[in-house]
Amino acid sequence: MRITRLVLAVCLGLASTFAMAESEQAIRKTLSALQPDLGIESIGKSPFEGLYEVQLKGGRILYASADGQYIVQGYLYQYKDGHAVNLTEQAENAAVAKQINGLDKQQMVVFPAVGETKAHITVFTDTTCPYCQKLHAEVPKLNKQGIEVRYLAFPRQGLNSAGYKQLEAVWCSKDRAEAMERMFEGKEIKAASCDDPVAKQFTLGQQIGIQGTPAIILANGHMIPGYQPASELVNDALAAGK
């Protein structure tokens with residue numbers, strides 16, 4: 001009897017695996033036909049029965065039917081304990097957090113916390129952006145509250161803009177933090193060309209949906225578009241955790 005149950009369980013597991021593989025193939029075929037260059041990270045079952053979750057590069061989520069005939073772009077909510085929980089946002093934030101928090105800090109411009117590091121934020125910035133300058137002026141306040149500020153480059157007017165040249169000079173400087181301070185102060189910075197990561201960081205920002213600067217990413221992957229005063233940002237950063 002036990003052997004029969006074991007064989008049945010194995011058969012059901014194999015059937016489920018084959019069905020999953022067929023669905024994934026069908027979904028990939030449909031999405032490839034719609035947009036050949038669409039970067040698909042993974043395809044798996046969603047919390048909603050019969051609906052598959054498609055995770056794209058940068059963390060964005062799509063949904064598809066098992067046969068690949070229907071594609072849905074939008075939020076999936078779960079009504080739980082009297083509240084509507086945005087499952088799509090949760091999944092996207094988790095994917096963004098994994099990607100951003102996994103980056104090498106050596107490729108960033110980092111302003112460390114004073115004393116114990118209680119949390120961190122990652123900011124896509126452009127030194128020609130007035131609101132980026134306004135946010136940077138509050139970095140010392142954030143640091144004193146135990147918030148580490150990590151900068152990534154996002155030249156908002158593209159890779160041939162003045163912002164790109166400024167960011168390139170910052171990232172190619174021996175002391176990036178000092179160079180960024182001077183650049184935000186409106187001082188000219190000269191640095192030899194180098195194998196800088198500005199273009200890659202700009203592409204990453206586009207992939208996760210950044211459209212302007214500053215764009216603040218909390219440790220949990222939640223994005224705050226635009227400037228936010230330090231008094232509010234500290235609470236959000238601490239709530240998001242390290």
Side-chain angles (χ1 to χ4, degrees), residues 58-60 89 92-93 95-97 99-105 107-114 117-171 173 176-187 189 196-242:
R60 289 182 300 139
E89 186 176 65
E92 289 180 341
N93 286 350
V96 170
Q99 194 164 7
I100 295 297
N101 295 334
L103 294 175
D104 185 358
K105 285 172 61 175
Q107 298 295 308
M108 305 177 180
V109 180
V110 180
F111 290 82
V114 176
T117 301
K118 299 177 181 178
H120 72 266
I121 61 172
T122 304
V123 183
F124 283 84
T125 193
D126 182 336
T127 49
T128 66
C129 159
Y131 281 100
C132 294
Q133 295 167 4
K134 187 175 182 179
L135 176 63
H136 185 71
E138 301 205 33
V139 166
K141 297 179 184 177
L142 293 168
N143 293 158
K144 288 180 181 179
Q145 293 294 322
I147 311 300
E148 180 177 272
V149 179
R150 306 172 182 177
Y151 277 119
L152 293 175
F154 192 85
R156 58 203 168 103
Q157 294 179 330
L159 298 180
N160 294 316
S161 63
Y164 171 78
K165 294 179 181 178
Q166 287 192 10
L167 292 168
E168 183 181 38
V170 169
W171 258 262
S173 297
R176 292 177 181 170
E178 181 183 0
M180 180 164 281
E181 290 279 13
R182 291 174 59 83
M183 196 69 80
F184 272 127
E185 292 171 358
K187 298 176 182 177
I189 298 296
D196 67 271
V198 174
K200 289 182 179 179
Q201 293 177 5
F202 178 65
T203 299
L204 172 62
Q206 290 179 313
Q207 287 177 342
I208 65 176
I210 291 174
Q211 298 179 338
T213 54
I216 305 163
I217 311 295
L218 302 179
N220 62 2
H222 177 70
M223 183 191 302
I224 300 174
Y227 166 79
Q228 183 167 301
S231 57
E232 297 178 15
L233 196 49
V234 166
N235 293 331
D236 288 339
L238 293 175
K242 296 182 180 181

J.: Should T128 and R156 be marked as a side chain to side chain donor-acceptor pair (under 3.5 Å) after you check the CA-CA gap, both sets of side-chain angles, and the distance that decides it?
T.: CA-CA 9 Å; T128 66; R156 58 203 168 103; 3.3 Å; yes
J.: Just verifying a value: how many Å separate L233 CG and L238 CG, rounded to the nearest 0.5 Å?
T.: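 Going from CG on L233 over to CG on L238, the span is 9.5 Å.
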J.: Mind checking the OG1-CG spacing from T213 to L135? Nearest 0.5 Å is all I need.
T.: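 Between T213 OG1 and L135 CG, I get 10.0 Å after rounding to 0.5 Å.
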J.: Check whether S173 reaches the backbone of A169 with its side chain - one donor and one acceptor, N or O, closer than 3.5 Å.
T.: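 Confirmed, S173 side chain pairs with A169 backbone.
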J.: Say you draw a straight line from CZ of R150 to CD of Q107; how long is it, rounded to the nearest 0.5 Å?
T.: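 Nearest 0.5 Å value for the CZ-CD distance: 13.5 Å.
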J.: Any donor-acceptor pair under 3.5 Å linking the side-chain atoms of Y227 with those of Q133?
T.: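 Note: Q133 and Y227 side chains miss the donor-acceptor criterion.
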J.: In terms of the angle between their ring planes, are H136 and Y151 parallel, tilted or perpendicular, with boundaries placed at 30° and 60°?
T.: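 Ring orientation, 0 to 90° scale: tilted.
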J.: Sub-3.5 Å donor-acceptor pair from the side chain of E168 to the main-chain atoms of P197, do we have one?
T.: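 Between the backbone of P197 and the side chain of E168 there is no qualifying donor-acceptor contact (under 3.5 Å).
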J.: Starting at CD of Q99, measure out to CD1 of I217 and round the result to the nearest 0.5 Å.
T.: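 Answer for the CD-CD1 pair, Q99 versus I217, is 10.5 Å.
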J.: Has N93 got a side-chain atom pairing as donor or acceptor with A97's backbone, closer than 3.5 angstrom?
T.: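 No; zero donor-acceptor contacts below 3.5 Å.
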J.: For the atom pair CE (M183) and OG1 (T125), what is the distance rounded to the nearest 0.5 Å?
T.: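 It is 11.5 Å, given to the nearest 0.5 Å.
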J.: Any donor and acceptor pair, going by atom type alone, linking the side chain of D126 with main-chain N or O of P214 inside 3.5 Å?
T.: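 Judged by distance alone, no pair lies under 3.5 Å.
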J.: Would you call R176 and E178 a salt bridge, using N to O less than 4.0 angstrom?
T.: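 Result for this pair is no, no salt bridge flagged.
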J.: Quick check for you: to the nearest 0.5 Å, what is the distance between L142 atom CG and F111 atom CZ?
T.: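 So the CG of L142 and the CZ of F111 are separated by 11.5 Å.
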J.: Check this for me: does any side-chain nitrogen of one of E148 and K105 sit under 4.0 Å from a carboxylate oxygen of the other?
T.: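 Yes, charged N to carboxylate O under 4.0 Å.
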J.: Checking N101 against H120: is there a side-chain donor and acceptor pair closer than 3.5 Å?
T.: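 Side chains of H120 and N101: pair found under 3.5 Å.
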